[in-house]
Amino acid sequence: MRSLTIRRSVAVLLGASLAAGFAGAVRAQQPDNWLTRLFQPPPLSSVPASSDAAQWSGQSGASGSPLMTADAIRSAAAEFGSCLEGLWPEAERRGISRANFERFTAGLTPDLSIMDKLDAQPEFTKAPWDYLDLLVSDDRIGRGRELLAQYAPTFAAVERAYSVDRYILAAIWGVESDYGTQGGDRPVIRSTATLACVGRRRDFFRGEFLATLEILQRGDVPPDRLVGSWAGAFGPTQFMPTTFKRYAVDFDGDGHRDVVDSVPDVIASTANNLKLDGWVSGETWGYEVALPRDFNYLFADSSRQMMVRQWQSLGVRRADGRAFPRPEDRAFLLLPAGARGPAFLMLKNFSVIMKYNPAEAYALAIGHLADRMRGGAPFVQGWPRDERVLTLDERYQMQELLARRGFAIGEPDGLIGPRSRLAIRDFQASIGQIPDGFASSDVLDRLRQP
Ligand code: CA
(Lines give C-alpha, C1' and ligand atoms only; values in the text may rest on other atoms or scores of the structure.)
Protein backbone atom coordinates (compact mmCIF):
# COMPACT_ATOMS: atom_id res chain seq x y z
CA MET A 1 0.00 0.00 0.00
CA ARG A 2 1.16 3.47 -0.78
CA SER A 3 1.50 5.31 2.42
CA LEU A 4 2.14 8.71 3.79
CA THR A 5 0.27 10.45 6.51
CA ILE A 6 -2.33 13.05 5.76
CA ARG A 7 -1.24 15.60 8.27
CA ARG A 8 -1.07 19.16 7.27
CA SER A 9 -2.74 22.41 7.66
CA VAL A 10 -4.66 23.81 4.84
CA ALA A 11 -4.09 27.42 4.12
CA VAL A 12 -6.91 27.92 1.71
CA LEU A 13 -10.38 26.83 2.70
CA LEU A 14 -12.59 28.14 0.00
CA GLY A 15 -11.52 29.56 -3.26
CA ALA A 16 -10.45 28.66 -6.71
CA SER A 17 -7.36 26.80 -5.74
CA LEU A 18 -8.94 24.30 -3.42
CA ALA A 19 -11.45 23.03 -5.87
CA ALA A 20 -8.79 21.09 -7.63
CA GLY A 21 -5.29 19.95 -7.43
CA PHE A 22 -5.62 18.59 -3.95
CA ALA A 23 -6.27 14.99 -4.67
CA GLY A 24 -2.97 14.43 -6.35
CA ALA A 25 -1.15 15.71 -3.34
CA VAL A 26 -3.32 13.60 -1.15
CA ARG A 27 -3.00 10.52 -3.25
CA ALA A 28 0.67 10.39 -2.55
CA GLN A 29 0.22 10.91 1.12
CA GLN A 30 -2.01 8.12 2.00
CA PRO A 31 -2.06 7.86 5.72
CA ASP A 32 0.10 5.38 7.54
CA ASN A 33 -3.04 3.84 8.87
CA TRP A 34 -5.82 5.15 6.73
CA LEU A 35 -8.36 2.80 8.23
CA THR A 36 -8.29 5.01 11.27
CA ARG A 37 -9.46 7.95 9.21
CA LEU A 38 -12.66 6.62 7.82
CA PHE A 39 -14.50 9.81 7.69
CA GLN A 40 -11.91 12.36 7.17
CA PRO A 41 -11.97 13.48 3.61
CA PRO A 42 -8.61 14.32 2.14
CA PRO A 43 -7.81 17.84 3.26
CA LEU A 44 -8.37 20.27 0.45
CA SER A 45 -4.93 21.55 -0.10
CA SER A 46 -3.71 23.91 -2.67
CA VAL A 47 -0.97 23.35 -5.13
CA PRO A 48 0.67 26.73 -5.47
CA ALA A 49 0.13 28.45 -8.77
CA SER A 50 3.87 28.80 -9.00
CA SER A 51 6.20 26.64 -6.98
CA ASP A 52 8.93 29.24 -7.38
CA ALA A 53 7.02 31.40 -4.96
CA ALA A 54 6.86 28.68 -2.33
CA GLN A 55 9.30 29.10 0.52
CA TRP A 56 9.98 26.90 3.48
CA SER A 57 8.74 28.47 6.70
CA GLY A 58 11.96 27.48 8.48
CA GLN A 59 9.83 26.10 11.30
CA SER A 60 10.09 22.73 12.96
CA GLY A 61 7.32 20.43 11.83
CA ALA A 62 4.26 19.61 13.86
CA SER A 63 4.66 15.84 13.75
CA GLY A 64 7.20 15.77 16.53
CA SER A 65 9.46 13.61 14.38
CA PRO A 66 13.17 14.26 15.09
CA LEU A 67 13.67 14.32 11.31
CA MET A 68 11.35 17.30 11.02
CA THR A 69 13.00 19.82 13.33
CA ALA A 70 14.27 22.92 11.56
CA ASP A 71 17.86 21.94 12.38
CA ALA A 72 17.42 18.41 11.05
CA ILE A 73 15.90 19.76 7.84
CA ARG A 74 18.75 22.24 7.39
CA SER A 75 21.45 19.66 7.95
CA ALA A 76 19.77 17.12 5.68
CA ALA A 77 19.48 19.83 3.02
CA ALA A 78 23.20 20.55 3.39
CA GLU A 79 23.91 16.88 2.65
CA PHE A 80 21.54 16.82 -0.33
CA GLY A 81 24.24 16.31 -2.97
CA SER A 82 25.94 13.43 -1.17
CA CYS A 83 22.55 11.90 -0.37
CA LEU A 84 21.68 11.83 -4.07
CA GLU A 85 25.05 10.36 -4.91
CA GLY A 86 24.35 7.68 -2.30
CA LEU A 87 21.34 6.63 -4.37
CA TRP A 88 23.45 6.04 -7.48
CA PRO A 89 24.26 2.35 -6.77
CA GLU A 90 20.56 1.51 -6.56
CA ALA A 91 19.86 3.58 -9.68
CA GLU A 92 22.61 1.65 -11.48
CA ARG A 93 21.06 -1.65 -10.38
CA ARG A 94 17.85 -0.46 -12.01
CA GLY A 95 19.63 0.10 -15.28
CA ILE A 96 19.99 3.88 -15.12
CA SER A 97 23.07 4.98 -17.06
CA ARG A 98 25.62 7.19 -15.33
CA ALA A 99 25.18 9.82 -18.01
CA ASN A 100 21.42 9.92 -17.44
CA PHE A 101 21.79 9.94 -13.66
CA GLU A 102 24.03 12.99 -13.92
CA ARG A 103 21.84 14.64 -16.51
CA PHE A 104 18.61 14.27 -14.53
CA THR A 105 20.11 15.30 -11.18
CA ALA A 106 22.33 18.10 -12.51
CA GLY A 107 21.79 21.33 -10.63
CA LEU A 108 19.04 19.85 -8.42
CA THR A 109 18.45 21.66 -5.15
CA PRO A 110 16.03 20.57 -2.45
CA ASP A 111 12.58 22.15 -2.51
CA LEU A 112 12.23 22.70 1.22
CA SER A 113 8.81 24.32 0.92
CA ILE A 114 7.58 20.73 0.69
CA MET A 115 8.56 20.18 4.32
CA ASP A 116 5.79 22.45 5.56
CA LYS A 117 3.25 20.50 3.52
CA LEU A 118 4.61 17.12 4.56
CA ASP A 119 4.40 17.86 8.21
CA ALA A 120 1.64 20.25 9.03
CA GLN A 121 -1.15 19.11 11.30
CA PRO A 122 -4.71 18.94 10.07
CA GLU A 123 -6.24 22.13 11.41
CA PHE A 124 -9.71 21.12 10.45
CA THR A 125 -11.66 18.52 8.67
CA LYS A 126 -13.95 19.45 5.90
CA ALA A 127 -17.55 18.32 6.30
CA PRO A 128 -18.51 15.60 3.83
CA TRP A 129 -21.29 17.77 2.36
CA ASP A 130 -18.93 20.68 1.72
CA TYR A 131 -16.45 18.31 0.14
CA LEU A 132 -19.10 16.80 -2.12
CA ASP A 133 -20.59 20.19 -3.02
CA LEU A 134 -17.20 21.26 -4.23
CA LEU A 135 -16.34 18.17 -6.23
CA VAL A 136 -19.74 17.17 -7.57
CA SER A 137 -20.71 20.59 -8.85
CA ASP A 138 -22.82 21.32 -11.92
CA ASP A 139 -19.72 22.74 -13.56
CA ARG A 140 -17.67 19.61 -12.98
CA ILE A 141 -20.55 17.37 -14.08
CA GLY A 142 -20.94 19.42 -17.26
CA ARG A 143 -17.28 19.45 -18.18
CA GLY A 144 -17.04 15.74 -17.53
CA ARG A 145 -19.89 15.12 -19.95
CA GLU A 146 -18.13 17.26 -22.56
CA LEU A 147 -14.95 15.19 -22.25
CA LEU A 148 -16.93 11.94 -22.36
CA ALA A 149 -18.45 13.13 -25.64
CA GLN A 150 -15.23 14.49 -27.06
CA TYR A 151 -13.30 11.28 -26.35
CA ALA A 152 -16.20 8.85 -26.74
CA PRO A 153 -14.32 6.47 -29.09
CA THR A 154 -11.34 6.36 -26.70
CA PHE A 155 -13.54 5.73 -23.66
CA ALA A 156 -15.34 2.99 -25.59
CA ALA A 157 -12.08 1.32 -26.57
CA VAL A 158 -10.79 1.51 -22.99
CA GLU A 159 -14.04 0.05 -21.66
CA ARG A 160 -13.70 -2.84 -24.09
CA ALA A 161 -10.07 -3.45 -23.12
CA TYR A 162 -10.35 -3.07 -19.33
CA SER A 163 -14.03 -3.45 -18.47
CA VAL A 164 -13.94 -0.39 -16.24
CA ASP A 165 -16.84 2.09 -16.27
CA ARG A 166 -15.99 5.19 -18.33
CA TYR A 167 -17.89 7.47 -15.95
CA ILE A 168 -15.72 6.42 -13.03
CA LEU A 169 -12.62 7.13 -15.13
CA ALA A 170 -13.93 10.56 -16.08
CA ALA A 171 -14.77 11.24 -12.42
CA ILE A 172 -11.21 10.42 -11.35
CA TRP A 173 -9.95 12.76 -14.04
CA GLY A 174 -12.29 15.46 -12.73
CA VAL A 175 -11.56 15.06 -9.04
CA GLU A 176 -7.80 14.47 -9.18
CA SER A 177 -6.91 17.44 -11.35
CA ASP A 178 -10.15 19.21 -12.35
CA TYR A 179 -9.78 17.60 -15.77
CA GLY A 180 -6.10 18.24 -16.04
CA THR A 181 -6.22 21.94 -15.26
CA GLN A 182 -4.82 21.58 -11.73
CA GLY A 183 -2.11 19.01 -11.34
CA GLY A 184 0.74 20.98 -9.86
CA ASP A 185 3.81 22.38 -11.56
CA ARG A 186 6.69 21.11 -9.44
CA PRO A 187 9.26 18.96 -11.26
CA VAL A 188 8.69 15.40 -10.02
CA ILE A 189 12.41 14.66 -9.99
CA ARG A 190 13.04 17.57 -7.63
CA SER A 191 10.11 16.79 -5.32
CA THR A 192 10.94 13.11 -5.00
CA ALA A 193 14.68 13.82 -4.60
CA THR A 194 13.88 16.29 -1.83
CA LEU A 195 11.62 13.86 0.00
CA ALA A 196 14.10 11.00 -0.51
CA CYS A 197 16.81 12.99 1.29
CA VAL A 198 15.03 15.32 3.70
CA GLY A 199 12.25 14.68 6.20
CA ARG A 200 10.51 11.79 7.81
CA ARG A 201 9.36 9.87 4.71
CA ARG A 202 12.74 9.26 3.11
CA ASP A 203 12.47 5.48 2.83
CA PHE A 204 9.18 5.74 0.98
CA PHE A 205 10.39 8.46 -1.36
CA ARG A 206 13.68 6.80 -2.30
CA GLY A 207 11.53 4.37 -4.27
CA GLU A 208 9.59 7.24 -5.85
CA PHE A 209 12.81 9.07 -6.80
CA LEU A 210 14.33 5.96 -8.39
CA ALA A 211 11.10 5.24 -10.27
CA THR A 212 11.17 8.84 -11.54
CA LEU A 213 14.67 8.28 -12.94
CA GLU A 214 13.39 5.17 -14.71
CA ILE A 215 10.52 7.12 -16.28
CA LEU A 216 12.90 9.82 -17.48
CA GLN A 217 15.42 7.35 -18.87
CA ARG A 218 12.74 5.44 -20.75
CA GLY A 219 11.42 8.69 -22.10
CA ASP A 220 7.79 7.87 -21.35
CA VAL A 221 7.21 11.47 -20.27
CA PRO A 222 9.57 14.31 -21.28
CA PRO A 223 11.39 15.94 -18.34
CA ASP A 224 9.66 19.29 -18.81
CA ARG A 225 6.25 17.58 -18.71
CA LEU A 226 7.01 15.45 -15.65
CA VAL A 227 5.66 17.99 -13.16
CA GLY A 228 3.06 17.57 -10.48
CA SER A 229 2.06 17.88 -6.85
CA TRP A 230 4.55 18.50 -4.08
CA ALA A 231 4.48 14.76 -3.34
CA GLY A 232 5.36 13.83 -6.90
CA ALA A 233 1.95 12.82 -8.31
CA PHE A 234 1.66 13.82 -11.96
CA GLY A 235 -0.71 13.88 -14.89
CA PRO A 236 -4.48 14.39 -15.05
CA THR A 237 -5.19 11.33 -12.90
CA GLN A 238 -2.16 11.89 -10.68
CA PHE A 239 0.04 8.86 -10.88
CA MET A 240 2.87 8.49 -8.40
CA PRO A 241 6.10 7.30 -10.05
CA THR A 242 5.81 3.81 -8.52
CA THR A 243 2.12 3.48 -9.40
CA PHE A 244 3.03 4.59 -12.91
CA LYS A 245 5.51 1.70 -13.05
CA ARG A 246 2.83 -0.74 -11.97
CA TYR A 247 -0.13 0.44 -13.98
CA ALA A 248 0.73 2.77 -16.86
CA VAL A 249 0.07 1.51 -20.39
CA ASP A 250 0.76 2.78 -23.90
CA PHE A 251 -2.75 2.75 -25.31
CA ASP A 252 -2.19 4.94 -28.36
CA GLY A 253 0.69 2.75 -29.49
CA ASP A 254 3.35 5.42 -29.93
CA GLY A 255 5.82 3.53 -27.73
CA HIS A 256 5.50 5.88 -24.73
CA ARG A 257 3.32 5.50 -21.66
CA ASP A 258 2.47 9.17 -21.55
CA VAL A 259 0.02 9.64 -18.70
CA VAL A 260 0.47 13.41 -18.91
CA ASP A 261 -0.34 14.44 -22.47
CA SER A 262 -1.88 11.42 -24.20
CA VAL A 263 -5.57 11.15 -23.38
CA PRO A 264 -5.73 7.48 -24.48
CA ASP A 265 -2.75 6.64 -22.26
CA VAL A 266 -4.25 8.59 -19.32
CA ILE A 267 -7.66 6.93 -19.55
CA ALA A 268 -6.34 3.42 -20.20
CA SER A 269 -3.67 3.60 -17.49
CA THR A 270 -6.24 4.72 -14.94
CA ALA A 271 -8.55 1.90 -16.06
CA ASN A 272 -5.70 -0.59 -15.81
CA ASN A 273 -5.02 0.61 -12.27
CA LEU A 274 -8.64 0.03 -11.22
CA LYS A 275 -8.84 -3.29 -13.04
CA LEU A 276 -5.71 -4.65 -11.35
CA ASP A 277 -7.05 -3.39 -8.02
CA GLY A 278 -10.11 -5.59 -8.48
CA TRP A 279 -12.77 -3.55 -10.28
CA VAL A 280 -15.91 -5.65 -10.75
CA SER A 281 -17.10 -5.12 -14.30
CA GLY A 282 -20.67 -4.00 -14.86
CA GLU A 283 -21.37 -3.21 -11.23
CA THR A 284 -21.80 0.03 -9.37
CA TRP A 285 -19.96 1.27 -6.28
CA GLY A 286 -22.92 1.38 -3.91
CA TYR A 287 -26.45 2.59 -3.23
CA GLU A 288 -27.95 5.37 -1.22
CA VAL A 289 -30.27 3.65 1.23
CA ALA A 290 -33.01 4.54 3.71
CA LEU A 291 -33.01 2.93 7.14
CA PRO A 292 -36.05 1.96 9.20
CA ARG A 293 -36.91 3.99 12.29
CA ASP A 294 -35.86 1.35 14.77
CA PHE A 295 -32.60 0.56 13.01
CA ASN A 296 -29.70 -0.69 15.09
CA TYR A 297 -26.90 1.73 14.23
CA LEU A 298 -24.26 -0.61 15.55
CA PHE A 299 -24.57 -2.29 12.14
CA ALA A 300 -23.17 0.81 10.46
CA ASP A 301 -19.55 -0.26 10.57
CA SER A 302 -17.22 -0.87 7.65
CA SER A 303 -16.03 -4.11 9.22
CA ARG A 304 -19.53 -5.56 9.05
CA GLN A 305 -20.01 -6.97 5.55
CA MET A 306 -23.33 -8.64 4.80
CA MET A 307 -25.22 -9.67 1.71
CA VAL A 308 -27.60 -7.06 0.34
CA ARG A 309 -30.57 -9.35 1.02
CA GLN A 310 -29.51 -9.58 4.67
CA TRP A 311 -29.54 -5.79 4.81
CA GLN A 312 -32.99 -5.92 3.22
CA SER A 313 -34.18 -8.24 5.96
CA LEU A 314 -33.12 -5.54 8.44
CA GLY A 315 -35.41 -3.09 6.65
CA VAL A 316 -32.76 -1.35 4.52
CA ARG A 317 -34.21 -0.06 1.22
CA ARG A 318 -32.82 1.95 -1.67
CA ALA A 319 -33.51 5.62 -1.07
CA ASP A 320 -35.00 6.06 -4.55
CA GLY A 321 -37.39 3.13 -4.02
CA ARG A 322 -35.92 0.94 -6.74
CA ALA A 323 -34.98 -2.70 -6.22
CA PHE A 324 -31.45 -3.88 -5.50
CA PRO A 325 -30.29 -5.58 -8.71
CA ARG A 326 -28.04 -8.20 -7.08
CA PRO A 327 -29.21 -9.30 -3.61
CA GLU A 328 -26.21 -11.59 -3.18
CA ASP A 329 -23.63 -8.78 -3.35
CA ARG A 330 -21.75 -8.13 -0.16
CA ALA A 331 -21.92 -4.61 1.25
CA PHE A 332 -21.22 -2.54 4.32
CA LEU A 333 -23.28 0.33 5.64
CA LEU A 334 -21.76 3.79 5.70
CA LEU A 335 -23.12 6.86 7.45
CA PRO A 336 -20.80 9.70 6.48
CA ALA A 337 -22.54 12.21 8.76
CA GLY A 338 -24.11 9.97 11.37
CA ALA A 339 -27.77 9.08 11.79
CA ARG A 340 -28.94 12.54 10.66
CA GLY A 341 -27.34 12.24 7.23
CA PRO A 342 -27.71 9.94 4.23
CA ALA A 343 -26.82 6.26 4.45
CA PHE A 344 -25.12 4.11 1.84
CA LEU A 345 -24.56 0.43 1.20
CA MET A 346 -21.07 0.13 -0.23
CA LEU A 347 -20.04 -2.64 -2.63
CA LYS A 348 -16.68 -4.02 -3.72
CA ASN A 349 -16.04 -1.26 -6.25
CA PHE A 350 -16.22 1.35 -3.49
CA SER A 351 -13.24 -0.34 -1.88
CA VAL A 352 -11.46 -0.43 -5.25
CA ILE A 353 -11.89 3.34 -5.61
CA MET A 354 -10.51 3.73 -2.09
CA LYS A 355 -7.36 1.94 -3.19
CA TYR A 356 -6.86 4.75 -5.66
CA ASN A 357 -7.10 7.29 -2.86
CA PRO A 358 -7.95 5.96 0.56
CA ALA A 359 -10.55 8.28 1.97
CA GLU A 360 -14.21 7.41 2.08
CA ALA A 361 -15.32 10.92 1.21
CA TYR A 362 -13.06 10.81 -1.86
CA ALA A 363 -14.52 7.50 -3.02
CA LEU A 364 -18.06 8.75 -2.41
CA ALA A 365 -17.29 11.87 -4.47
CA ILE A 366 -15.93 9.76 -7.34
CA GLY A 367 -18.92 7.42 -7.30
CA HIS A 368 -21.46 10.22 -7.09
CA LEU A 369 -19.80 12.40 -9.74
CA ALA A 370 -19.78 9.38 -12.06
CA ASP A 371 -23.47 8.75 -11.44
CA ARG A 372 -24.37 12.39 -12.01
CA MET A 373 -22.46 12.49 -15.32
CA ARG A 374 -24.40 9.37 -16.32
CA GLY A 375 -27.62 11.25 -15.67
CA GLY A 376 -28.31 10.10 -12.13
CA ALA A 377 -30.07 12.22 -9.55
CA PRO A 378 -28.63 13.99 -6.50
CA PHE A 379 -28.81 12.13 -3.20
CA VAL A 380 -32.36 11.82 -1.88
CA GLN A 381 -31.55 12.44 1.77
CA GLY A 382 -30.22 15.72 3.04
CA TRP A 383 -27.05 16.35 5.00
CA PRO A 384 -27.11 17.77 8.54
CA ARG A 385 -25.73 21.07 7.30
CA ASP A 386 -26.25 22.68 10.68
CA GLU A 387 -23.66 20.28 12.07
CA ARG A 388 -20.37 21.93 12.87
CA VAL A 389 -17.18 20.02 12.08
CA LEU A 390 -14.97 19.67 15.12
CA THR A 391 -11.56 21.28 15.14
CA LEU A 392 -8.44 19.25 15.82
CA ASP A 393 -8.33 20.56 19.39
CA GLU A 394 -11.95 19.60 19.92
CA ARG A 395 -11.30 16.10 18.62
CA TYR A 396 -8.39 15.75 21.03
CA GLN A 397 -10.62 16.99 23.79
CA MET A 398 -13.36 14.56 22.87
CA GLN A 399 -10.91 11.68 23.05
CA GLU A 400 -9.54 12.84 26.39
CA LEU A 401 -13.03 13.21 27.85
CA LEU A 402 -13.99 9.75 26.60
CA ALA A 403 -10.84 8.29 28.17
CA ARG A 404 -11.57 10.09 31.43
CA ARG A 405 -14.94 8.40 31.52
CA GLY A 406 -13.31 5.02 31.09
CA PHE A 407 -13.93 4.42 27.39
CA ALA A 408 -10.98 2.77 25.64
CA ILE A 409 -9.71 5.05 22.89
CA GLY A 410 -5.95 4.43 22.99
CA GLU A 411 -3.64 7.43 22.86
CA PRO A 412 -5.53 10.60 21.92
CA ASP A 413 -4.36 11.68 18.47
CA GLY A 414 -7.12 13.95 17.23
CA LEU A 415 -8.14 11.40 14.61
CA ILE A 416 -11.58 9.89 14.97
CA GLY A 417 -10.89 6.31 13.92
CA PRO A 418 -12.63 2.99 14.61
CA ARG A 419 -11.66 2.89 18.30
CA SER A 420 -12.80 6.43 18.92
CA ARG A 421 -16.03 5.77 17.10
CA LEU A 422 -16.66 2.67 19.14
CA ALA A 423 -16.09 4.71 22.31
CA ILE A 424 -18.47 7.39 21.02
CA ARG A 425 -21.09 4.71 20.31
CA ASP A 426 -20.72 3.33 23.83
CA PHE A 427 -21.02 6.80 25.31
CA GLN A 428 -24.06 7.61 23.14
CA ALA A 429 -25.72 4.37 24.22
CA SER A 430 -24.99 5.15 27.87
CA ILE A 431 -26.89 8.44 27.64
CA GLY A 432 -29.75 7.09 25.55
CA GLN A 433 -28.66 8.62 22.21
CA ILE A 434 -28.59 6.87 18.84
CA PRO A 435 -25.19 5.12 18.82
CA ASP A 436 -24.06 6.18 15.35
CA GLY A 437 -20.47 6.88 16.42
CA PHE A 438 -20.50 10.30 14.77
CA ALA A 439 -18.20 12.82 16.44
CA SER A 440 -20.73 15.63 16.61
CA SER A 441 -20.49 18.86 18.57
CA ASP A 442 -23.50 17.64 20.53
CA VAL A 443 -21.59 14.58 21.71
CA LEU A 444 -18.72 16.85 22.72
CA ASP A 445 -21.11 19.10 24.66
CA ARG A 446 -22.55 16.08 26.47
CA LEU A 447 -19.06 14.86 27.31
CA ARG A 448 -18.20 18.23 28.80
CA GLN A 449 -21.13 18.00 31.20
CA PRO A 450 -20.22 16.45 34.53
CA1 CA B 1 1.46 6.33 -25.81
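In listed order, ligands and their atoms are each counted from 1. Please read all numbers here as calculations on a predicted model, not as lab measurements.
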Between the side chains of R374 and D165, is the shortest nitrogen-to-carboxylate-oxygen separation below 4.0 Å, so that they form an ion pair?
yes
Taking 4.0 angstrom as the limit, do K245 and E214 come out as a salt bridge?
yes
Between R257 and D265, does any side-chain N to carboxylate O distance fall below 4.0 Å?
no
Nearest 0.5 angstrom please: F80 CZ to L108 CG, how far?
5.5 Å
Is any NZ, NE, NH1 or NH2 atom of the basic residue among D178 and R143 found under 4.0 Å from an Asp or Glu carboxylate oxygen of the other?
yes
Protein N/O/S neighbour count - the Ca ion (ligand 1), strictly under 3.0 Å
5
Could you give the distance from CD (E360) to CD1 (I353), rounded to the nearest 0.5 Å?
12.0 Å
